[in-house]
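Shown next, in structure tokens, is the structure this report addresses.
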Amino acid sequence: MKTGIIGLPQVGKTSLFVMLTKQAVGNRSGGSREAHLGVAKVPDDRLDRMAALYNPRKLVHASVEYTDVAALSQEALKETAFAANLRNVDALAHVVRAFDDPSIAHVGGVDPLRDIKNIELDLIINDLGQIEKRLERVEKDLKKMKTTELEKEQELLKRAKEHVEKELPLREMEMTAEDKKRIRGFMFLSEKPILYVLNINESTTLGKDLEEAVAKYGLSDVAARPNTGALAVCAKVEAELAEMSDEDAAEFLGSYGLVESGLVRLIRKTYELLGLISFFTIGEDECRAWTVERGSKAVEAAGAIHTDLSKHFIRAETIHWDQLLDAGSEAEARARGTLRLEGKEYIVKDGDVLHIRHSG
Ligand SMILES: Nc1nc2c(ncn2[C@@H]2O[C@H](COP(=O)(O)OP(=O)(O)OP(=O)(O)O)[C@@H](O)[C@H]2O)c(=O)[nH]1
Ligand SMILES: [Mg+2]
């Protein structure tokens, strides 16, 4: 899974990238638009607690890739490399300035809704251009040879055009599952699920401020739209956290009245937005978290581990993570009946521990 970090100039995009990936970045020299690429470990307390029980040789968290691009604008989007970096992501994280700092320039005063509308419009205008290009090509191809697929594509593109001409993003267009697949192939920017990340001021009441920020800046309605989410972070505090040991970080968070870091909340929101869940494979060799779409069947989860496992799937020994911790061992869980056998069609739940029995 890959997320693109976008936003206006100097809003904290790179600060957020550093907090997520804990990766040092140099300055982009001379207006270079080269993207920073990095991987964030998905923090998961459930996995950590099971690992403490099993003491595995290897502990593997799920991971999310992030790309930090230069500030977004109509001009930037005209550059092929810049646009390409954004087209191939699964979701967008739009960093929105909500901190006041007179020393850091911004287009006018702090106004998250205005900034959101402006960036949204940039995405929509870019998509309109792409849609028109595609439509022209499809029309040409249709003159050469009529196929049902091309006709369906044309119909979808026409509908998409009408939609964006109303200045609405494609992520809010109603589509059949089939059309959704089709439109994904075009990699339109306003079609991608989006998470608005309000970057707010540091304060002594940060816990409360973070919780209230979405409503305070009038983002509640925006956040409730299809394929959209919003949350607040304080990049400044997170940057400090990123450099601390886990213990120090917990104490530091506590001093602000916080339980979780922005990193944990942001990744969780991204999972929610994309409809993703985690399941685990647990053993003395390796304890590992895997990511699948909500609603996946056991056989599909097996396929996420290895295609052979889905091909030769027999049964999945299944237990929810907290039941396993509670029992203290698989043997005890089996005796209690909390460890059970599920078939191919079983719908995997967030936090399930699976052991795939296979014939391969
Ligand atoms: N006061 C304050 N300053 C911040 C905060 N977050 C980022 N900054 C500062 O804002 C400036 C820009 O931060 P970056 O993370 O580089 O922003 P950016 O969006 O990547 O900027 P560009 O890539 O140049 O568009 C830096 O000087 C940061 O220290 C914040 O929460 N509060
Ligand atoms: Mg930057």
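Remember, it's 1-based here, ligands and their atoms both numbered in the order they're listed.
- Here is the list of ligand 1 atoms found below 4.0 Å of a heavy atom in Ser15: 7 (C), 13 (O), 14 (P), 15 (O).
- Rounding to the nearest 0.5 angstrom, the gap separating the CG atom in Leu231 from the NZ atom in Lys269 is 6.5 Å.
- Of the charged side-chain nitrogens involved, at least one lies within less than 4.0 Å of a carboxylate oxygen, so that Glu317 and Arg334 count as a salt-bridged pair.
- Remark: ligand 1 and Asp100 share no N or O pair separated by less than 3.5 Å (distance only, no angle test).
- When non-hydrogen atoms are compared, ligand 1 lies under 4.0 Å from the backbone of Ile200 (N, CA, C, O) but not from its side chain.
- Where the criterion is an N or O separation shorter than 3.5 Å, residue side chain and backbone included, Gly12 meets it with respect to ligand 1.
- Remark: ligand 1 atoms within the under-4.0 Å shell around heavy atoms of Pro9 are 25 (O).
- Contacts classified as side chain to side chain donor-acceptor pair (under 3.5 Å) and involving residues 97-108 (residues at least two apart or in different chains) are given here: Asp100-Asn201, Asp101-Ser103, His106-Asp115.
- Salt bridge absent: Glu162 and Lys166 never bring a charged side-chain N and a carboxylate O closer than 4.0 Å.
- For ligand 1, the polar-atom distance check finds no N/O of Asp68 at less than 3.5 Å from any of the ligand's N/O atoms.
- Heavy atoms of Val11 found under 4.0 angstrom from ligand 1 belong to the backbone as well as the side chain.
- Counting heavy atoms of neighbouring residues, nucleotides and ligands inside a 6.0 Å radius, atom CG of Asp246 does not exceed 12 of them.
- Glu342 and Arg340 are joined by a salt bridge, as a carboxylate oxygen and a charged side-chain nitrogen come within less than 4.0 angstrom of each other.
- The existence of a salt bridge linking Arg171 and Asp127 is excluded, since no basic side-chain nitrogen approaches an acidic carboxylate oxygen closer than 4.0 Å.
- Listed by number with element, the atoms of ligand 1 under 4.0 angstrom from any heavy atom of Ala71 are 25 (O).
- Residue-level proximity to ligand 1 for Ile104 is carried by the side chain, the only part with a heavy atom below 4.0 angstrom.
- Between Glu202, His36, Glu238, Lys13, it is Lys13 that holds the heavy atom closest to atom 19 (O) of ligand 1.
- Distances from the Mg ion (ligand 2) show that Thr14 has an N/O/S atom below 2.8 Å.
- Electrostatic pairing of Lys117 and Glu167 does not count as a salt bridge here, judged by no charged N lying under 4.0 Å from a carboxylate O.
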